[in-house]
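This report concerns only the one structure given below.
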Protein chains: 2
Amino acid sequence: MGKNFSKNKLIVFYGVLLAAILLLLKWLEFRFLIVNHAFEVYIGAIALIFTGLGIWLAIKLAKPKTRTVVVEKEIYITKPTESIIPQEKTLSKIGISKREWEVLALMSEGLSNQEIAERLFVSLNTIKTHSSNLFEKLEVKRRTQAVEKGKRLGILA
Amino acid sequence: MGKNFSKNKLIVFYGVLLAAILLLLKWLEFRFLIVNHAFEVYIGAIALIFTGLGIWLAIKLAKPKTRTVVVEKEIYITKPTESIIPQEKTLSKIGISKREWEVLALMSEGLSNQEIAERLFVSLNTIKTHSSNLFEKLEVKRRTQAVEKGKRLGILA
DNA sequence: ATAAAAATCACTCAAAAGTATGAGGGCGAA
DNA sequence: TTCGCCCTCATACTTTTGAGTGATTTTTAT
């Protein structure tokens with residue numbers, strides 16, 4: 001906004017300057033044009049002046065090229081609690097199914113397989129199957145390792 | 001692209017302004033001066049052409065001003081791990097011994113009792129005793145719960 | 001020095017966790 | 001429709017974990 005304003009002001013200023021120069025030339029014309037040989041010089045002066053004027057105008061008004069520099073700024077924040085189902089990319093990349101993730105989440109809360117089974121209304125054997133598959137996909141051997149790795153992968157809160 | 005466009009627009013505007021000024025002069029000429037018409041137009045054309053030339057030269061030759069814009073980009077980093085032995089106040093308040101805490105820490109890394117025993121150069125039975133005492137002090141029933149509670153209490157990373 | 005706390009270890013029994021294998025139904029993609 | 005994946009459940013077996021009890025040694029604090 002302020003930039004546009006100053007630009008307009010500049011243009012107006014330049015217009016006035018131009019008018020002044022033309023008047024000056026007019027005056028010079030009256031004073032010296034009688035001298036015939038001065039005509040070429042006059043034209044040359046005009047050309048020179050207005051070329052310089054154009055250059056000056058262009059330099060003044062040209063927008064500077066902006067170069068964007070991205071600066072990485074480290075900000076320590078308690079990792080924002082992701083969605084309730086976090087990092088679906090990671091999940092699908094590893095191939096963990098929704099049900100398996102649910103089991104993992106309840107594991108991380110310290111529930112036993114039996115408790116998880118009751119919570120999810122399925123049998124204990126089902127939970128065992130899920131957890132076995134889970135361990136294989138996470139490449140771990142125990143539930144504690146699964147929880148630890150799950151957190152490292154960002155798929156657990 | 002848009003930058004060039006606005007620059008061109010500026011030039012056009014300047015040309016129009018110049019024409020207006022010339023018309024003004026023309027009018028002034030009719031009012032107050034007795035001068036050769038063709039000569040005025042000639043001078044105006046010269047001025048216009050060389051102004052344009054100046055602008056063109058400046059645009060073509062001027063090295064672009066660069067202005068650096070710094071953009072801050074937030075990066076989320078897991079808060080740096082606190083002291084290796086955290087929250088001794090909490091530990092003594094609950095009555096967890098140093099050895100018990102060591103066992104808990106290794107538990108949280110997913111080690112089995114056997115592995116913990118080997119790591120600490122003691123027997124499996126010792127680890128079992130430690131963990132049992134640990135569970136009682138933490139008021140939990142399983143190692144997963146112990147780890148979970150340990151983290152909640154801030155005695156684990 | 002002595003009592004308390006901590007660390008060590010053993011043994012048994014039970015529960016939980018984990019492995020391996022098979023199998024049936026549902027569901028979406030090829 | 002067939003194939004693959006997911007979810008479900010079962011059975012059998014092994015390993016790990018945890019509870020309970022008791023004991024010896026070391027460390028620590030009074």
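Every chain is numbered from 1 and lettered A, B, ... according to where its sequence line falls, protein lines coming before strand lines. Every value quoted in this text rests on a predicted model; they were computed, and no experiment measured them.
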### Query
Which nucleotide in the set dT17(D), dA6(C), dC7(D) lies at the smallest distance from any side-chain heavy atom of S112(B)?
dT17(D)

### Summary
In whole angstroms, the gap separating P of dA17(C) from CG of L106(A) amounts to 13 Å

### Query
Is the shortest heavy-atom distance from the side chain of N113(A) to the side chain of M107(A) under 4.5 Å?
yes

### Query
Side chains of I155(A) and I96(A): closer than 4.5 Å at any heavy-atom pair?
yes

### Query
Roughly how far apart are I94(A) CD1 and E100(A) CD, rounded to 0.5 Å?
11.0 Å

### Query
Under 4.0 Å between a side-chain N or O of R99(B) and OP1 or OP2 of dA7(C)?
no

### Message
Expressed as a whole number of angstroms, how long is the span from E102(A):CD to dC6(D):P?
### Response
14 Å

### Task
Report the C-alpha separation of E115(A) and R142(B) in whole Å, then their side-chain angles, then the decisive distance to 0.1 Å, and conclude whether the side-chain contact (heavy atoms from CB on, under 4.5 Å) test is met.
CA-CA 12 Å; E115(A) 289 166 338; R142(B) 280 173 289 279; 2.8 Å; yes

### Task
For L138(B) and dG18(D), give me the distance from atom CG to atom C1', rounded to whole Å.
15 Å

### Query
Do L120(A) and L106(A) have side-chain heavy atoms sitting under 4.5 Å apart?
yes

### Summary
Whichever of T144(B) and K137(B) has the more 5' nearest nucleotide on DNA chain C, that residue is K137(B)

#### Entry: Whole-Å distance separating the NZ atom of K141(B) from the P atom of dA17(C)
13 Å

#### Entry: Sub-4.5 Å side-chain heavy-atom contact between L134(A) and W101(A)
no

#### Entry: Closest nucleotide among dG18(D), dT17(D), dA7(C) to the R142(A) side chain
dT17(D)

### Task
Whole angstrom is fine here: how far is it from NZ in K98(A) over to P in dG28(C)?
11 Å

### Task
Could you tell me the separation between the CD1 atom of I96(B) and the P atom of dA6(C), rounded to a whole number of Å?
11 Å

### Task
Tell me which nucleotide among dA6(C), dG18(D), dG18(C) gets nearest to the side chain of F135(A).
dG18(C)

### E148(B)/R152(B) ion pair, N-O < 4.0 Å
yes

### Task
Let me know the distance between CG of L120(A) and P of dC7(D), rounded to the nearest Å.
11 Å

### Task
Would you jot down, in residue-number order, the residues of residues 121-134 of chain B having a non-hydrogen atom under 4.0 Å from DNA chain D?
K128(B), S132(B)

### Query
Nearest-Å distance, CG (N113(B)) to P (dG18(C))?
12 Å

